[in-house]
Amino acid sequence: MSLKDVDIEKIVPENELEEEILADIKAGVTTEVITRCPPEPSGYWYIGHVKAWTINFETAKKFGGKTYLRMDDSNPSKEDGEYAGSYMADLEWLGFKPEKLIYASEAYFDAIYEIAEKMIKNGDAYVCDLSAEEVSKTRGTLTEPGTNSPYRNRTPEENLQLFRDMKAGKFADGSRTLRAKIDMAHPNINMRDPVMYKIARLHHYRVGDKWCIWPQYDFVHPMEDCLEGTTYSLCDKGFQDHRLVYEWFVKHGWGKTPAPKQREFSRLVIENILSGKRYLKQLVASGVVSGWDDPRFPTLVGIRRRGYTAKAVKDFVRSVGWGSTIEVTVPLSALEHYVREDLNKIATRAMVVLDPLKVVITNYEGAEEIEIDNNPNDENAGKHKALFSKEIYIEKEDFSLNPPPKYNRLTLGGIVRLKGAYIIRCNNVVYDKNGEIDHLECEYIEGTKSGQDNSGIKCKGTIHFVSLENSFEVTVREFKNLIKSEYKSPSKALADGVPISELLEPNSLVEKKAFAENFLKNAKVEDKFQFMRKGYYCVDKDSTENNLIFNSTISLKDSWSPNK
RNA sequence: AGGGGUGUAGCCAAGCGGUAAGGCACACGACUUUGACUCGUGCAUGCGUAGGUUCGAAUCCUGCCACCCCUGCCA
C-alpha cells in the first residue's frame, strides 16, 4: 500500500490535517504519508490512547501510508519490557497493523548521538555544567527572560571533548548536560536552551548498560521521527507549546526535507472514568481490582474483558472528532451508546434468569421445543432451540402482587407471554413456611404458541424464562462503574485532595448465580451475548469447564418506569 | 517581555460571505413475542461580547471579555 494505490481525487478530507495533507501531496511536499504510534513503554493503554492511535493509523491508511509502532524508550527509570507485548495485542484487537515494531533505543540512539555531535560542531549545542537546580533558576519565569549559562560560549572543540567524556562515563550523574543553544530570552520557555542529554547511570530494559547519557524528549522525539521517515507526527495538544522546539530540532539536527510536521489533536477525557497510571497502579497493587485487565478498569485489556468491542470504541472516538481545545470531556453515556450499538448487531440472544422464581404450569406435562432467534435484527443469524416444560423459572421482578400502573408483566390472575412459547395465566401463589413466595402456579393457554398463535388473545407483556430441564447454573458478574457517579472528574477530585477510597463505588463487583439455557454451554471466552431484556454479557477468562462466568458488559436501555 | 491555544445547545461537533449539519443526552409519540432495537417529532431567531464592512456575517475587520495549557536533567 502506498500513495500510488489511492485515488487522491476521491479523498474527502475530514479535518484540517487531512486538508493539509492533501495540499502537501498536491504540492509535491509529501510523497508518502507516514505516521507513528510512539508509546512510552511504562504502562497499559487505556481508552484515551485509542484516540491517538486511531488518528495516527487511520490518517496514514486513508492516504495509502503506514504507521510504525515505536517504543519511545529514552527514560530507563520509567520503562520496562513488560508492555511492548501488550501494545501489540491491543493494536491487533483494535485492528491496526503497524508496519513494524521499533525500539527507539536500539534503532536510533547511535544515529541520534551522531546528530548531537554534528550539532555541537555546528555550534548548535553545548555542554553545560549547571546543576538541575541552577538550570531551573536561570530559566527565567513565564514573564521574565532567562539568563545565559556561563558555559554557553565554550568552543565546539571543547564541547565535543566534554560530550564524548560524558558518553564515556567520566562525569557523575546529573553533573552536566548537553543543551541546545537557542535563546534563553525566548518568550516560549521550551526554547530556552532545552536539555538534549542528561547523565544517568541506569540500566535500560533493551540496551542494558550501553549508555550513561540519555536523550530528552524534545530532542529525541523529532529526531526519531526524522530517522524513521515520519511525515506527520500527530500528538495531543499538550505538546502544542513544543512545536517550535520540534521544528527547531528538525531544522538544526536534521536539516533535510521532507521534514516531519507535528500536528496536535485534543486529548479525550471521559466523565467518571479514572485515568492516570499512578492511580490505576495503586488500585491494582492494593487489590481493589483483580489486575490491569479487571473488567471495571479503563485499560484496553480491561474493557475488552468487560465485553466492549474495538469497533465500539473506535466509533466512539471518531464521533468525538479531532477537537479544538486541549482536552475534550464527554459523558460516559456517549461511549456506552456505541457499545450498545455494536453489541446489538453482533450479540447472540439468549434467555438467562438472573433472579429466579419458580413457576409450575399446572395444566401441562412433559416438554416441547421452542425456537429463539439468535438475533432478530440479523436474518442471517439463525435460530436456536430452547425448551418449554412444566417447571420453569422466570425473573422475580417479572411478577408482582401489587403491580404499579402499566405493569405489563405477570400478576395474580393476569397473563403474560413467555418469549418463544405460550401465554400463561397466573392462578395461584404458593408460599413457604416463612410467608415468602415459593412458586407460582400458572396455566398455559392452548393455541397461543409462538408463531402459531390463532387465539386472538391480546397480551401486553412478554417475559423471558428458562425451563428446568433446559437450564444450567452459571456465574454472573455484575459491575457498577468503579467511580461514584457524582465524581465526574476523578482526577480533579484526586488533585483536590479527595482520597481515592472516597471516589470508589462500594460493591462495584457483585457475583451471583443464574439459570442459563443450555444453548450457552458451548460459549467460549469473549463470546458476546444479549441476555434478553437484561443486557449484554460476555464470557470471562476465569471460566472453567464446570463454571461458566459471564461479565455484564452493559445493561439494555430501559425506558420503562412505573410512574409514566 | 510573557508565550501558546480556545469560545457554536446540557455534552461533543460541522460550518471556510448566501440565511445554524450530525451525534450523545433529554422529552413525547409509533411499532414491538426483548418496556431492547427501529422509526417519527421536539430540542440555538442563535454562534463569548460590543462595534464596523456588506444587499447579506458564526464566517471578514477592530476593540473588549472569559476559560485552558506552559517555568522536569518526564514523555
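In what follows, every chain begins at residue 1, and chains take the letters A, B, ... in the order their sequences are listed. All of these numbers come straight from a predicted model, not from anything done at the bench.
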> What does B/C74 pair with, Watson-Crick or G-U, if both distances are under 3.5 Å?
Replying inline: none
> Reckon A/Arg179 touches a base, only the sugar-phosphate, or nothing at all at heavy-atom distances under 4.0 Å?
Replying inline: nothing
>> Surrounding CD of A/Glu379 (heavy atoms of other residues, nucleotides or ligands, distance under 6.0 Å), is the total greater than 12?
In response: no
>> Using OP1 and OP2 only, check whether a side-chain N or O of A/Ser319 sits under 4.0 Å from B/A13.
In response: no
>> Please report the distance, rounded to the nearest Å, between CZ in A/Arg318 and C1' in B/C12.
In response: 16 Å
>> Please check this pair: side chain of A/Asn377 against backbone of A/Lys345, looking for a donor-acceptor N/O pair closer than 3.5 Å.
In response: no
>> Under 4.0 Å, heavy atoms only, any strand: does A/Thr325 hit a base, just the sugar-phosphate, or nothing?
In response: sugar-phosphate
> Does B/U19 have a Watson-Crick or wobble mate here (both distances under 3.5 Å), and if so which one?
Replying inline: none
>> Looking at B/A9, which nucleotide sits across from it as a Watson-Crick or G-U wobble partner, both distances under 3.5 angstrom, or is there none?
In response: none
>> Rounded to whole Å, please give me the gap between CZ in A/Arg267 and P in B/C69.
In response: 9 Å
> Which part of the nucleic acid, if any, lies within reach of A/Ser77 when heavy atoms closer than 4.0 Å are counted: base, sugar-phosphate only, or nothing?
Replying inline: nothing
>> Distance check, P atoms only: B/C55 and B/U38, in whole angstrom units.
In response: 49 Å
> Is there a Watson-Crick or G-U wobble partner for B/C60 with both distances under 3.5 Å, and which nucleotide is it?
Replying inline: B/G52
> B/G42 pairs with which nucleotide, Watson-Crick or G-U wobble, both distances below 3.5 Å?
Replying inline: B/C26
>> salt bridge (Lys or Arg N to Asp or Glu O under 4.0 Å) for A/Lys181 and A/Asp124? Distances and angles first, verdict last.
In response: CA-CA 5 Å; A/Lys181 197 170 180 176; A/Asp124 286 326; over 6 Å; no
>> Please classify the glycosidic conformation of B/G42 as syn (within 90° of 0) or anti (everything else).
In response: anti
>> Going by purine N1 to pyrimidine N3 plus the second Watson-Crick contact, or the G-U wobble pair, all under 3.5 Å, which nucleotide sits opposite B/U33?
In response: none
> Expressed in angstrom and rounded to an integer, what is the separation of A/Phe265 atom CZ from B/G5 atom C1'?
Replying inline: 16 Å
> For atom P, what is the distance between B/C16 and B/G48, given to the nearest Å?
Replying inline: 16 Å
> Mind telling me whether B/G46 is syn or anti, cutoff 90° either side of 0?
Replying inline: syn
> OP1, OP2 of B/C74 versus side-chain N and O of A/Lys198: anything below 4.0 Å?
Replying inline: yes
